[in-house]
Amino acid sequence: MTTLFDGYRLGDLALPNRVVMAPMTRVRAAAGGLATPSMAAYYAQRATAGLIISEGVQPSLVGQSNPGTPGLYTDEQVAAWRPVTAAVHANGGRIFAQIMHGGRVSHPDTTGSRPVGPSAVPAVGEVFTPGGPRPAPTPRALDTAEVPEHAESYARAARRAVEAGFDGVELHGANGYLISQFLSSNANLRTDRYGGSVSNRIRFAVEAVSATVAAVGGARTGIRLSPGGTFWGVEETEVPELYGALLTELARLDLAYVHLEATTGEDVLVDLRRAWPGTLIMNPVLPMGPKQTGRTEADHWLALGADLISFGRGFLANPDLVERLRTGLPIAPVDEATYYQGGDAGYLTYPAYQYTA
């Protein structure tokens, strides 16, 4: 039986285990979207993961969702990321950059411009700004001719990611951000070739992934999806059909992986596993939900056919999570107040397990 601690071949990468560090926003970047020495230390501490997927990285200024997040659209940002990837590699790890275009989940106070989206429909709730939470603004609906430029922005960021030393990229197609907005049936009210039918609603995702594959290769490209998820007020109709059609198109591109969140019924997710011929990373519990992924949930999904299992909150407070899982050591709780507060407290201050005589 497959275990979390068996090796796995992911493209050109030999993973020593099947434990993946999930992408998690920590808003510790410096001004200008620059990665920092603290970020290098944070990721290097967790390099025993089979694969690290970075926090969401904006591919353009208009694509930035939250203040304090890093980018991959300037030469300075590429240079700032190089010590991060070098530190992970020096500790024996592997790291993909998650490319995240926030779309409508943004604010002019953060980026200096009005957010864009598939339609002029605001997200539900408040978004983070430099001055604190503010109601989500109504985005500017992209003209048909503008849409390919935003799809291409993922590919441009992917090229910069590889230049910065990342082993690959994951497109953030989940959780109510831009790709997810195009997949949605209530954030996307378009009547052109990017809206309406299932085949039209998946078009932006397919174009973004195709452009990225053309830029850096399929073996360096993954995508994260949240079928049926309702983050930031998105809704999706025809979920099995929508994601079945999307995976059918993506299967032609020989991707490194698809990364699914447990945002819909297990029966739908199992069907999607059967429909996807390549590597599947499974995030077994609802992100930010009441439950945290542990060995039980991981083993359950390995038995259902997942190849790799992603852990989020467990990695924040446990830089040695792989060893704790392997040996049955206690999993330390995370202090939620430190998620986005900045600084090194609650970021670099969680220790490895302390053995006592």
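Index from 1, following the sequence.
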Between H101 and H150, is any side-chain donor less than 3.5 angstrom from a side-chain acceptor?
yes
Apply side-chain contact (heavy atoms from CB on, under 4.5 Å) to V124 and list each qualifying residue two or more places apart in sequence or on a separate chain.
none
Whether R201 and E235 form a salt bridge (side-chain N of Lys/Arg under 4.0 Å from carboxylate O of Asp/Glu) is what I want to check.
no
Taking ILVMFWY side chains as joined if any heavy atoms are under 4.5 angstrom apart, and letting links pass through other members, which residues group with V127?
M100, V105, Y177, F231, W232, L286
What's the separation between atom CD1 in I223 and atom CG in L246, rounded to the nearest 0.5 Å?
6.0 Å
Inspect the contact between D75 and R160 and indicate whether a charged nitrogen and a carboxylate oxygen are less than 4.0 angstrom apart.
yes
Checking the side chain of R28 only, and the main-chain atoms of R26 only, is there a donor and an acceptor separated by less than 3.5 Å?
yes
R220/D167 salt bridge by N-O under 4.0 Å criterion:
no
Going by distance alone, is a donor N or O of one side chain under 3.5 Å from an acceptor N or O of the other, for N283 and R224?
yes
Between Y340 and F128, ring centroids under 6.0 Å
yes
For E55, all residues meeting side chain to side chain donor-acceptor pair (under 3.5 Å), sequence neighbours excluded:
Y43
Could you pull out all residues at least two apart from D254 that satisfy side chain to side chain donor-acceptor pair (under 3.5 Å)?
none
Hits for side-chain contact (heavy atoms from CB on, under 4.5 Å) against L61, two or more places apart or cross-chain, chain-then-number order -> Q64, Y73, T111
Within the side chain of R18, is there an N or O that forms a donor-acceptor pair under 3.5 Å with the backbone of G50?
no
Nearest-0.5 Å distance, OG1 of residue T48 to CZ of residue F315
6.0 Å
From R94 atom CZ to I53 atom CD1, the distance as rounded to the nearest 0.5 Å:
12.5 Å
Identify whether the distance between the nearest side-chain nitrogen and carboxylate oxygen of D143 and R190 falls below 4.0 Å.
no
Is it true that E163 and R82 have a side-chain N and a carboxylate O under 4.0 angstrom from each other?
yes
Measure across A151 and F204 and return the closest heavy-atom pair with its distance rounded to 0.1 Å.
N-CE1, 3.5 Å
Can you give each donor-acceptor pair under 3.5 Å made by side-chain atoms of residues 112-120, sequence neighbours left out, with the distance rounded to 0.1 Å?
residue: R114; atom: NE; partner: T138; partner atom: O; Å: 3.1
residue: R114; atom: NH2; partner: P139; partner atom: O; Å: 3.3
residue: S119; atom: OG; partner: L189; partner atom: N; Å: 2.8

Straight-line distance of R324 CZ to N318 CG, nearest 0.5 Å
4.0 Å
